[in-house]
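Residue numbers start from 1 in every chain, and the chains themselves are labelled A, B, ... in the order their sequence lines are given, proteins ahead of strands. Just so it is clear, the structure is predicted and the values come from calculations on it, not from any experiment.
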2 protein chains.
Amino acid sequence: MTKRIAVREKVQERAEPKRAAQRIREMAGELFYRQGIRAVGVDEIVARAGVTKPSLYRSFPSKDELAAAYLRDHCDASLRRFNTAMDERPDDPRSQFRLWLADLSMRATQADYRGCGATNAAVEYPEPGHPARIQAAENKKQFRARLRALVRAMGAKRPDVLADGLLLLIEGAYASGQLFGPNGPARVLVETADALIDAHLSKAPRASR
Amino acid sequence: MTKRIAVREKVQERAEPKRAAQRIREMAGELFYRQGIRAVGVDEIVARAGVTKPSLYRSFPSKDELAAAYLRDHCDASLRRFNTAMDERPDDPRSQFRLWLADLSMRATQADYRGCGATNAAVEYPEPGHPARIQAAENKKQFRARLRALVRAMGAKRPDVLADGLLLLIEGAYASGQLFGPNGPARVLVETADALIDAHLSKAPRASR
DNA sequence: ATACAATGTTACTGACCGGTACGTGTTCGC
DNA sequence: GCGAACACGTACCGGTCAGTAACATTGTAT
(Lines give C-alpha, C1' and ligand atoms only; values in the text may rest on other atoms or scores of the structure.)
Protein backbone atom coordinates (compact mmCIF):
# COMPACT_ATOMS: atom_id res chain seq x y z
CA MET A 1 0.00 0.00 0.00
CA THR A 2 2.99 2.25 0.20
CA LYS A 3 5.07 2.16 -2.95
CA ARG A 4 3.93 1.77 -6.48
CA ILE A 5 4.72 -1.07 -8.82
CA ALA A 6 6.03 0.90 -11.80
CA VAL A 7 5.68 -2.03 -14.17
CA ARG A 8 2.52 -1.41 -16.05
CA GLU A 9 4.02 -0.93 -19.51
CA LYS A 10 2.97 -4.12 -21.25
CA VAL A 11 3.03 -7.06 -18.84
CA GLN A 12 1.64 -5.71 -15.66
CA GLU A 13 -0.44 -8.64 -14.50
CA ARG A 14 1.42 -11.79 -15.38
CA ALA A 15 0.56 -14.36 -12.73
CA GLU A 16 3.83 -16.30 -12.58
CA PRO A 17 5.60 -14.98 -9.51
CA LYS A 18 2.75 -13.01 -8.04
CA ARG A 19 3.49 -10.39 -5.52
CA ALA A 20 4.11 -11.63 -2.01
CA ALA A 21 1.37 -9.46 -0.57
CA GLN A 22 -1.17 -11.04 -2.88
CA ARG A 23 -0.07 -14.59 -2.13
CA ILE A 24 -0.29 -13.84 1.59
CA ARG A 25 -3.71 -12.32 1.19
CA GLU A 26 -5.07 -15.28 -0.71
CA MET A 27 -3.57 -17.93 1.53
CA ALA A 28 -4.68 -16.08 4.66
CA GLY A 29 -8.17 -15.93 3.17
CA GLU A 30 -8.35 -19.68 2.68
CA LEU A 31 -6.89 -20.56 6.06
CA PHE A 32 -8.88 -17.98 7.99
CA TYR A 33 -12.09 -19.12 6.42
CA ARG A 34 -11.49 -22.87 6.76
CA GLN A 35 -9.99 -22.96 10.24
CA GLY A 36 -10.91 -19.66 11.83
CA ILE A 37 -8.76 -16.60 12.35
CA ARG A 38 -7.52 -17.29 15.85
CA ALA A 39 -6.66 -20.88 14.97
CA VAL A 40 -4.24 -19.83 12.23
CA GLY A 41 -0.84 -18.44 13.10
CA VAL A 42 1.11 -16.05 10.94
CA ASP A 43 3.90 -18.61 10.63
CA GLU A 44 1.53 -21.06 9.00
CA ILE A 45 0.26 -18.41 6.61
CA VAL A 46 3.68 -17.37 5.38
CA ALA A 47 4.94 -20.95 5.22
CA ARG A 48 2.06 -22.13 3.01
CA ALA A 49 2.19 -18.96 0.95
CA GLY A 50 5.84 -19.61 0.22
CA VAL A 51 6.98 -16.29 1.64
CA THR A 52 8.51 -15.10 4.86
CA LYS A 53 7.23 -13.29 7.88
CA PRO A 54 8.82 -9.91 7.21
CA SER A 55 7.02 -9.88 3.87
CA LEU A 56 3.74 -10.17 5.70
CA TYR A 57 4.53 -7.31 8.04
CA ARG A 58 5.75 -5.13 5.19
CA SER A 59 2.29 -5.33 3.62
CA PHE A 60 0.08 -5.55 6.70
CA PRO A 61 0.64 -3.73 9.96
CA SER A 62 -0.63 -6.63 12.07
CA LYS A 63 -2.43 -9.95 11.95
CA ASP A 64 -5.61 -8.18 12.99
CA GLU A 65 -5.41 -5.90 9.98
CA LEU A 66 -4.71 -8.86 7.75
CA ALA A 67 -7.87 -10.44 9.10
CA ALA A 68 -9.77 -7.25 8.29
CA ALA A 69 -8.37 -7.33 4.77
CA TYR A 70 -9.51 -10.94 4.42
CA LEU A 71 -13.02 -9.95 5.44
CA ARG A 72 -13.03 -7.11 2.97
CA ASP A 73 -12.05 -9.50 0.20
CA HIS A 74 -14.52 -12.08 1.38
CA CYS A 75 -17.51 -9.81 1.31
CA ASP A 76 -16.48 -7.91 -1.78
CA ALA A 77 -16.53 -11.24 -3.56
CA SER A 78 -19.82 -12.48 -2.16
CA LEU A 79 -21.53 -9.14 -2.71
CA ARG A 80 -20.29 -9.07 -6.28
CA ARG A 81 -21.57 -12.61 -6.81
CA PHE A 82 -24.92 -11.62 -5.39
CA ASN A 83 -25.16 -8.58 -7.62
CA THR A 84 -24.24 -10.38 -10.80
CA ALA A 85 -26.72 -13.14 -9.97
CA MET A 86 -29.46 -10.55 -9.56
CA ASP A 87 -28.50 -8.57 -12.63
CA GLU A 88 -28.97 -11.54 -14.91
CA ARG A 89 -32.69 -10.90 -15.10
CA PRO A 90 -33.52 -7.55 -13.57
CA ASP A 91 -37.14 -7.96 -14.55
CA ASP A 92 -37.74 -10.88 -12.20
CA PRO A 93 -35.94 -10.21 -8.94
CA ARG A 94 -37.80 -12.85 -7.03
CA SER A 95 -36.79 -15.70 -9.30
CA GLN A 96 -33.19 -14.63 -9.27
CA PHE A 97 -33.19 -14.36 -5.52
CA ARG A 98 -34.76 -17.79 -5.34
CA LEU A 99 -31.95 -19.23 -7.41
CA TRP A 100 -29.36 -17.62 -5.21
CA LEU A 101 -31.12 -19.03 -2.15
CA ALA A 102 -31.21 -22.50 -3.66
CA ASP A 103 -27.48 -22.30 -4.24
CA LEU A 104 -26.91 -21.21 -0.65
CA SER A 105 -29.15 -24.00 0.59
CA MET A 106 -27.08 -26.50 -1.34
CA ARG A 107 -23.78 -25.21 -0.05
CA ALA A 108 -25.06 -24.98 3.51
CA THR A 109 -26.07 -28.62 3.54
CA GLN A 110 -22.67 -29.93 2.61
CA ALA A 111 -20.52 -31.66 5.15
CA ASP A 112 -17.63 -29.25 5.32
CA TYR A 113 -19.62 -26.03 5.13
CA ARG A 114 -18.13 -23.21 7.14
CA GLY A 115 -20.78 -20.52 7.01
CA CYS A 116 -20.15 -16.83 6.49
CA GLY A 117 -16.67 -15.57 7.14
CA ALA A 118 -17.93 -12.27 8.51
CA THR A 119 -20.32 -13.87 10.97
CA ASN A 120 -17.61 -16.25 12.09
CA ALA A 121 -15.15 -13.41 12.59
CA ALA A 122 -17.64 -11.55 14.76
CA VAL A 123 -17.97 -14.66 16.89
CA GLU A 124 -14.21 -14.91 17.26
CA TYR A 125 -13.74 -11.24 18.10
CA PRO A 126 -16.52 -9.88 20.30
CA GLU A 127 -14.42 -6.90 21.33
CA PRO A 128 -16.13 -3.83 19.79
CA GLY A 129 -13.05 -2.02 18.52
CA HIS A 130 -11.33 -4.93 16.82
CA PRO A 131 -10.54 -4.30 13.13
CA ALA A 132 -11.97 -7.65 12.05
CA ARG A 133 -15.19 -7.03 13.93
CA ILE A 134 -15.58 -3.55 12.48
CA GLN A 135 -15.12 -4.88 8.98
CA ALA A 136 -17.49 -7.77 9.59
CA ALA A 137 -20.19 -5.38 10.77
CA GLU A 138 -19.61 -3.22 7.71
CA ASN A 139 -20.02 -6.23 5.43
CA LYS A 140 -23.29 -7.19 7.06
CA LYS A 141 -24.57 -3.66 6.86
CA GLN A 142 -23.88 -3.56 3.14
CA PHE A 143 -25.60 -6.87 2.51
CA ARG A 144 -28.62 -5.80 4.48
CA ALA A 145 -28.95 -2.66 2.39
CA ARG A 146 -28.57 -4.70 -0.79
CA LEU A 147 -31.24 -7.13 0.34
CA ARG A 148 -33.60 -4.31 1.19
CA ALA A 149 -33.23 -2.86 -2.26
CA LEU A 150 -33.99 -6.23 -3.77
CA VAL A 151 -37.10 -6.77 -1.67
CA ARG A 152 -38.25 -3.28 -2.54
CA ALA A 153 -37.91 -4.23 -6.19
CA MET A 154 -40.16 -7.21 -5.51
CA GLY A 155 -42.90 -4.80 -4.56
CA ALA A 156 -43.36 -5.84 -0.97
CA LYS A 157 -45.52 -3.58 1.12
CA ARG A 158 -43.21 -3.50 4.13
CA PRO A 159 -39.92 -4.22 2.44
CA ASP A 160 -37.64 -3.68 5.42
CA VAL A 161 -39.57 -6.14 7.53
CA LEU A 162 -39.52 -8.78 4.85
CA ALA A 163 -35.86 -8.16 4.13
CA ASP A 164 -34.98 -8.62 7.77
CA GLY A 165 -37.04 -11.77 7.94
CA LEU A 166 -35.19 -13.16 4.95
CA LEU A 167 -31.91 -12.06 6.48
CA LEU A 168 -32.73 -14.08 9.57
CA LEU A 169 -33.28 -17.12 7.37
CA ILE A 170 -30.02 -16.54 5.54
CA GLU A 171 -27.99 -16.08 8.70
CA GLY A 172 -29.73 -19.11 10.09
CA ALA A 173 -28.57 -21.10 7.08
CA TYR A 174 -25.01 -19.87 7.59
CA ALA A 175 -25.00 -20.91 11.22
CA SER A 176 -26.97 -24.14 11.10
CA GLY A 177 -25.06 -25.39 8.08
CA GLN A 178 -22.00 -25.75 10.26
CA LEU A 179 -23.69 -27.70 13.03
CA PHE A 180 -26.23 -29.89 11.34
CA GLY A 181 -24.58 -31.20 8.23
CA PRO A 182 -26.69 -32.51 5.37
CA ASN A 183 -30.36 -32.89 6.34
CA GLY A 184 -29.91 -29.75 8.38
CA PRO A 185 -32.53 -27.01 8.56
CA ALA A 186 -30.94 -25.24 5.61
CA ARG A 187 -32.64 -27.76 3.34
CA VAL A 188 -35.96 -25.92 3.84
CA LEU A 189 -34.45 -22.53 3.16
CA VAL A 190 -36.05 -21.96 -0.22
CA GLU A 191 -39.56 -23.04 0.60
CA THR A 192 -39.50 -21.18 3.90
CA ALA A 193 -38.41 -18.02 2.16
CA ASP A 194 -41.12 -18.59 -0.41
CA ALA A 195 -43.77 -18.84 2.25
CA LEU A 196 -42.50 -15.67 3.84
CA ILE A 197 -42.43 -13.72 0.61
CA ASP A 198 -45.88 -14.99 -0.29
CA ALA A 199 -47.23 -13.79 3.01
CA HIS A 200 -45.74 -10.36 2.46
CA LEU A 201 -46.91 -10.08 -1.11
CA SER A 202 -50.46 -11.17 -0.23
CA LYS A 203 -50.44 -13.68 -3.01
CA ALA A 204 -51.90 -17.09 -2.45
CA PRO A 205 -49.92 -18.47 0.46
CA ARG A 206 -50.01 -21.90 -1.08
CA ALA A 207 -49.27 -22.43 -4.75
CA SER A 208 -45.56 -21.83 -4.42
CA ARG A 209 -43.69 -24.02 -6.84
CA MET B 1 -7.65 -17.17 52.92
CA THR B 2 -11.04 -18.89 53.05
CA LYS B 3 -10.73 -21.52 55.70
CA ARG B 4 -12.61 -24.69 55.50
CA ILE B 5 -15.85 -25.22 57.27
CA ALA B 6 -16.25 -28.96 57.24
CA VAL B 7 -19.93 -28.87 57.88
CA ARG B 8 -21.65 -31.27 55.64
CA GLU B 9 -23.60 -33.05 58.38
CA LYS B 10 -26.87 -31.24 57.89
CA VAL B 11 -26.01 -28.40 55.54
CA GLN B 12 -23.96 -29.98 52.85
CA GLU B 13 -24.61 -27.40 50.17
CA ARG B 14 -23.92 -24.09 51.83
CA ALA B 15 -22.38 -21.83 49.24
CA GLU B 16 -19.64 -20.26 51.31
CA PRO B 17 -16.41 -21.90 50.18
CA LYS B 18 -17.66 -23.81 47.17
CA ARG B 19 -15.56 -26.51 45.70
CA ALA B 20 -12.82 -25.40 43.35
CA ALA B 21 -14.17 -27.46 40.47
CA GLN B 22 -17.52 -25.70 40.68
CA ARG B 23 -15.98 -22.25 40.84
CA ILE B 24 -13.85 -23.07 37.82
CA ARG B 25 -16.81 -24.39 35.90
CA GLU B 26 -18.88 -21.29 36.57
CA MET B 27 -16.13 -18.82 35.83
CA ALA B 28 -15.12 -20.67 32.68
CA GLY B 29 -18.75 -20.57 31.59
CA GLU B 30 -18.95 -16.81 31.91
CA LEU B 31 -15.61 -16.12 30.28
CA PHE B 32 -16.04 -18.60 27.46
CA TYR B 33 -19.44 -17.22 26.62
CA ARG B 34 -18.52 -13.55 26.83
CA GLN B 35 -15.12 -13.62 25.15
CA GLY B 36 -15.03 -16.89 23.27
CA ILE B 37 -13.24 -20.09 24.19
CA ARG B 38 -10.00 -19.56 22.31
CA ALA B 39 -9.69 -16.02 23.61
CA VAL B 40 -9.67 -17.14 27.24
CA GLY B 41 -6.61 -18.79 28.72
CA VAL B 42 -6.67 -21.22 31.57
CA ASP B 43 -4.58 -18.81 33.63
CA GLU B 44 -7.30 -16.19 33.45
CA ILE B 45 -9.95 -18.70 34.39
CA VAL B 46 -8.19 -19.94 37.51
CA ALA B 47 -7.10 -16.44 38.51
CA ARG B 48 -10.62 -15.02 38.40
CA ALA B 49 -12.04 -18.14 40.00
CA GLY B 50 -9.65 -17.68 42.90
CA VAL B 51 -8.04 -21.08 42.47
CA THR B 52 -4.91 -22.43 40.84
CA LYS B 53 -4.15 -24.28 37.69
CA PRO B 54 -3.60 -27.75 39.12
CA SER B 55 -7.09 -27.57 40.60
CA LEU B 56 -8.42 -27.13 37.10
CA TYR B 57 -6.53 -30.10 35.74
CA ARG B 58 -7.59 -32.31 38.65
CA SER B 59 -11.21 -31.83 37.67
CA PHE B 60 -10.90 -31.55 33.91
CA PRO B 61 -8.48 -33.49 31.72
CA SER B 62 -7.89 -30.54 29.38
CA LYS B 63 -9.12 -27.11 28.41
CA ASP B 64 -10.98 -28.70 25.52
CA GLU B 65 -12.91 -30.92 27.91
CA LEU B 66 -13.63 -27.94 30.13
CA ALA B 67 -15.06 -26.23 27.09
CA ALA B 68 -17.23 -29.25 26.42
CA ALA B 69 -18.42 -29.18 30.03
CA TYR B 70 -19.27 -25.50 29.63
CA LEU B 71 -21.35 -26.30 26.57
CA ARG B 72 -23.13 -29.07 28.40
CA ASP B 73 -24.02 -26.68 31.22
CA HIS B 74 -24.99 -23.97 28.75
CA CYS B 75 -27.46 -26.04 26.86
CA ASP B 76 -28.76 -27.93 29.83
CA ALA B 77 -29.73 -24.58 31.25
CA SER B 78 -31.26 -23.17 28.08
CA LEU B 79 -33.16 -26.37 27.33
CA ARG B 80 -34.50 -26.44 30.85
CA ARG B 81 -35.58 -22.82 30.51
CA PHE B 82 -37.29 -23.62 27.25
CA ASN B 83 -39.11 -26.59 28.73
CA THR B 84 -40.32 -24.76 31.79
CA ALA B 85 -41.51 -21.87 29.62
CA MET B 86 -43.50 -24.29 27.51
CA ASP B 87 -44.87 -26.25 30.43
CA GLU B 88 -46.51 -23.21 31.94
CA ARG B 89 -49.52 -23.59 29.69
CA PRO B 90 -49.36 -26.92 27.89
CA ASP B 91 -52.75 -26.23 26.32
CA ASP B 92 -51.49 -23.33 24.22
CA PRO B 93 -48.06 -24.22 22.85
CA ARG B 94 -48.09 -21.50 20.25
CA SER B 95 -48.58 -18.66 22.70
CA GLN B 96 -45.88 -19.97 24.97
CA PHE B 97 -43.48 -20.34 22.08
CA ARG B 98 -44.36 -16.82 21.01
CA LEU B 99 -43.46 -15.51 24.44
CA TRP B 100 -40.16 -17.34 24.37
CA LEU B 101 -39.44 -15.91 20.93
CA ALA B 102 -40.26 -12.41 22.12
CA ASP B 103 -37.80 -12.83 24.95
CA LEU B 104 -35.12 -14.04 22.54
CA SER B 105 -35.86 -11.13 20.22
CA MET B 106 -35.35 -8.73 23.09
CA ARG B 107 -32.10 -10.26 24.19
CA ALA B 108 -30.79 -10.51 20.64
CA THR B 109 -31.32 -6.79 20.05
CA GLN B 110 -29.24 -5.68 23.00
CA ALA B 111 -25.85 -4.15 22.48
CA ASP B 112 -23.69 -6.76 24.15
CA TYR B 113 -25.54 -9.83 22.92
CA ARG B 114 -23.28 -12.79 22.27
CA GLY B 115 -25.57 -15.30 20.59
CA CYS B 116 -25.66 -19.01 21.31
CA GLY B 117 -22.67 -20.52 23.04
CA ALA B 118 -22.96 -23.76 21.10
CA THR B 119 -23.09 -22.07 17.71
CA ASN B 120 -20.15 -19.89 18.67
CA ALA B 121 -18.14 -22.89 19.81
CA ALA B 122 -18.75 -24.64 16.50
CA VAL B 123 -17.43 -21.56 14.72
CA GLU B 124 -14.33 -21.56 16.87
CA TYR B 125 -13.66 -25.27 16.46
CA PRO B 126 -14.45 -26.50 12.95
CA GLU B 127 -12.36 -29.64 13.45
CA PRO B 128 -14.86 -32.53 13.47
CA GLY B 129 -13.45 -34.53 16.38
CA HIS B 130 -13.07 -31.68 18.84
CA PRO B 131 -14.88 -32.26 22.18
CA ALA B 132 -16.44 -28.81 22.14
CA ARG B 133 -17.74 -29.27 18.63
CA ILE B 134 -19.18 -32.68 19.40
CA GLN B 135 -20.99 -31.31 22.42
CA ALA B 136 -22.23 -28.29 20.47
CA ALA B 137 -23.68 -30.52 17.79
CA GLU B 138 -25.35 -32.64 20.45
CA ASN B 139 -26.93 -29.55 21.98
CA LYS B 140 -28.30 -28.43 18.66
CA LYS B 141 -29.64 -31.87 17.92
CA GLN B 142 -31.52 -31.93 21.20
CA PHE B 143 -33.02 -28.51 20.65
CA ARG B 144 -34.12 -29.41 17.16
CA ALA B 145 -35.92 -32.48 18.50
CA ARG B 146 -37.55 -30.39 21.21
CA LEU B 147 -38.68 -27.82 18.67
CA ARG B 148 -40.13 -30.50 16.44
CA ALA B 149 -42.16 -31.89 19.30
CA LEU B 150 -43.49 -28.44 20.02
CA VAL B 151 -44.49 -27.77 16.44
CA ARG B 152 -46.15 -31.14 16.31
CA ALA B 153 -48.17 -30.12 19.34
CA MET B 154 -49.26 -27.02 17.44
CA GLY B 155 -50.88 -29.28 14.89
CA ALA B 156 -48.86 -28.28 11.88
CA LYS B 157 -49.32 -30.44 8.83
CA ARG B 158 -45.64 -30.73 8.01
CA PRO B 159 -44.15 -30.21 11.45
CA ASP B 160 -40.54 -30.98 10.61
CA VAL B 161 -40.50 -28.45 7.80
CA LEU B 162 -42.01 -25.75 9.95
CA ALA B 163 -39.72 -26.59 12.85
CA ASP B 164 -36.67 -26.28 10.63
CA GLY B 165 -37.93 -23.00 9.24
CA LEU B 166 -38.35 -21.66 12.75
CA LEU B 167 -34.93 -23.02 13.67
CA LEU B 168 -33.44 -21.02 10.81
CA LEU B 169 -35.08 -17.90 12.21
CA ILE B 170 -33.80 -18.65 15.70
CA GLU B 171 -30.25 -19.32 14.59
CA GLY B 172 -30.49 -16.21 12.46
CA ALA B 173 -31.41 -14.22 15.56
CA TYR B 174 -28.46 -15.70 17.42
CA ALA B 175 -26.05 -14.74 14.68
CA SER B 176 -27.42 -11.38 13.58
CA GLY B 177 -27.81 -10.20 17.16
CA GLN B 178 -24.06 -10.08 17.45
CA LEU B 179 -23.46 -8.09 14.29
CA PHE B 180 -26.33 -5.71 14.01
CA GLY B 181 -27.00 -4.45 17.49
CA PRO B 182 -30.34 -2.91 18.35
CA ASN B 183 -32.51 -2.32 15.26
CA GLY B 184 -31.04 -5.55 13.92
CA PRO B 185 -33.10 -8.11 12.01
CA ALA B 186 -33.90 -9.91 15.25
CA ARG B 187 -36.50 -7.25 15.96
CA VAL B 188 -38.83 -8.86 13.40
CA LEU B 189 -38.32 -12.34 14.81
CA VAL B 190 -41.75 -12.72 16.37
CA GLU B 191 -43.83 -11.42 13.50
CA THR B 192 -41.79 -13.35 10.97
CA ALA B 193 -42.27 -16.55 12.94
CA ASP B 194 -45.97 -15.74 13.17
CA ALA B 195 -46.26 -15.38 9.44
CA LEU B 196 -44.48 -18.67 8.95
CA ILE B 197 -46.63 -20.53 11.44
CA ASP B 198 -49.77 -19.02 9.93
CA ALA B 199 -48.75 -20.21 6.52
CA HIS B 200 -48.19 -23.72 7.81
CA LEU B 201 -51.41 -23.83 9.79
CA SER B 202 -53.47 -22.58 6.85
CA LYS B 203 -55.07 -19.95 8.95
CA ALA B 204 -55.64 -16.55 7.48
CA PRO B 205 -52.20 -15.46 6.34
CA ARG B 206 -53.02 -11.94 7.36
CA ALA B 207 -54.58 -11.23 10.73
CA SER B 208 -51.40 -11.77 12.63
CA ARG B 209 -51.09 -9.44 15.61
C1' DA C 1 26.66 -0.39 -14.98
C1' DT C 2 23.98 1.20 -11.41
C1' DA C 3 20.41 2.37 -8.52
C1' DC C 4 16.32 1.02 -6.43
C1' DA C 5 12.54 -1.54 -4.90
C1' DA C 6 10.86 -6.01 -3.47
C1' DT C 7 11.76 -10.04 -1.23
C1' DG C 8 14.41 -13.58 1.28
C1' DT C 9 17.48 -15.06 5.38
C1' DT C 10 18.52 -15.52 9.99
C1' DA C 11 18.01 -14.74 14.48
C1' DC C 12 15.80 -12.85 18.06
C1' DT C 13 12.28 -10.91 21.68
C1' DG C 14 9.00 -11.10 25.47
C1' DA C 15 4.67 -12.66 26.44
C1' DC C 16 1.63 -16.23 26.81
C1' DC C 17 0.00 -20.88 26.02
C1' DG C 18 -1.66 -25.56 27.93
C1' DG C 19 0.00 -28.72 31.10
C1' DT C 20 2.64 -30.94 35.19
C1' DA C 21 5.99 -32.51 39.08
C1' DC C 22 6.02 -31.92 43.65
C1' DG C 23 5.27 -29.97 48.20
C1' DT C 24 1.83 -28.18 51.87
C1' DG C 25 -1.98 -27.84 54.86
C1' DT C 26 -6.41 -29.50 56.57
C1' DT C 27 -9.74 -33.05 57.96
C1' DC C 28 -11.33 -37.45 59.46
C1' DG C 29 -11.42 -42.37 60.85
C1' DC C 30 -9.47 -44.76 64.29
C1' DG D 1 -3.20 -38.22 69.19
C1' DC D 2 -1.99 -40.19 64.51
C1' DG D 3 -1.56 -41.33 59.91
C1' DA D 4 -3.95 -41.66 55.65
C1' DA D 5 -6.63 -39.31 52.30
C1' DC D 6 -7.89 -35.33 50.40
C1' DA D 7 -7.96 -30.56 48.51
C1' DC D 8 -5.12 -27.21 47.19
C1' DG D 9 -0.96 -24.24 46.13
C1' DT D 10 4.17 -23.08 44.41
C1' DA D 11 7.08 -23.22 40.87
C1' DC D 12 8.18 -24.68 36.68
C1' DC D 13 8.27 -26.92 31.79
C1' DG D 14 8.72 -26.73 26.64
C1' DG D 15 6.36 -24.80 22.94
C1' DT D 16 4.12 -21.29 20.31
C1' DC D 17 2.50 -16.77 19.65
C1' DA D 18 2.83 -12.05 17.13
C1' DG D 19 6.17 -9.04 15.82
C1' DT D 20 11.08 -7.05 14.72
C1' DA D 21 16.10 -5.96 13.57
C1' DA D 22 19.87 -6.33 10.45
C1' DC D 23 21.50 -7.85 6.41
C1' DA D 24 21.76 -10.43 1.90
C1' DT D 25 19.81 -11.29 -2.62
C1' DT D 26 17.21 -10.72 -6.65
C1' DG D 27 15.00 -8.51 -10.61
C1' DT D 28 14.23 -4.64 -13.31
C1' DA D 29 14.44 0.02 -15.28
C1' DT D 30 17.16 3.57 -16.69
Reported CZ-to-CD distance for the pair B:R98 and B:E191, which is rounded to 0.5 angstrom: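 Interatomic distance, B:R98 CZ to B:E191 CD, rounded to 0.5 Å: 9.5 Å.
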
Atom-pair distance (CZ on B:R38; C1' on C:dC16), nearest Å: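 So the two atoms are 15 Å apart, to the nearest Å.
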
Nearest-Å distance for atom pair CD1/C1', residues A:I45 and D:dC17: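 To the nearest whole Å, that distance equals 12 Å.
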
Listed once per pair and sorted, the side chain to side chain donor-acceptor pair (under 3.5 Å) pairs that draw on residues 139-155 of chain B, sequence neighbours left out: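 Found B:N83-B:R146, B:T119-B:K140, B:Q135-B:N139, B:E138-B:Q142, B:K140-B:E171, B:R144-B:D164, B:R152-B:D160.
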
Residue pairs, two or more places apart or on separate chains, that pass side chain to side chain donor-acceptor pair (under 3.5 Å) and touch residues 173-186 of chain A: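 The answer is A:N120-A:Q178.
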
Stretch residues 51-60 of chain B: residues that reach within less than 4.0 Å of DNA chain C through a heavy atom: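 By residue number: B:K53, B:P54, B:Y57.
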
Stretch residues 62-70 of chain B: residues that reach within less than 4.0 Å of DNA chain C through a heavy atom: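 Of all residues in residues 62-70 of chain B, the ones placing a heavy atom under 4.0 Å from DNA chain C are B:S62, B:K63.
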
Atom of B:L162, atom of B:L196 and distance for their closest heavy-atom approach: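 Taking every non-hydrogen atom into account, CD1-O, 4.0 Å.
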
Qualifying residues under side chain to side chain contact (heavy atoms under 4.5 Å, CB included), relative to B:Q22, sequence neighbours excluded: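 Scan of B:Q22 (side chain to side chain contact (heavy atoms under 4.5 Å, CB included), adjacent residues dropped) gives B:K18, B:E26.
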
Listed partners of A:D73 passing side chain to side chain contact (heavy atoms under 4.5 Å, CB included), at least two apart: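 Counting only residues at least two positions away or on another chain, A:D73 forms a side chain to side chain contact (heavy atoms under 4.5 Å, CB included) with A:R25.
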
Axis bend over the full length of the helix from C:dA1-D:dT30 to C:dC30-D:dG1, computed from five pairs that close each end, to 10 degrees: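 Here the local axes at opposite ends form an angle of 10°.
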
Sugar-phosphate only, base, or nothing, as touched by B:V46 at under 4.0 Å among non-hydrogen atoms: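 Result for B:V46 = nothing.
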
Qualifying residues under ring-ring contact (aromatic ring centres under 6.0 Å, His included), relative to [X], sequence neighbours excluded:
X      : answer
A:Y57  : none
B:F82  : B:W100, B:F143
B:F180 : none

Partners passing salt bridge (charged side-chain N to carboxylate O under 4.0 Å, His left out) against A:D91 (at least two apart in sequence or in another chain):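 A:D91 satisfies salt bridge (charged side-chain N to carboxylate O under 4.0 Å, His left out) with no residue once adjacent residues are dropped.
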
Of residues 30-37 of chain B, the positions that come close to DNA chain D - non-hydrogen atoms, cut-off under 4.0 Å: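 Nothing qualifies; none.
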
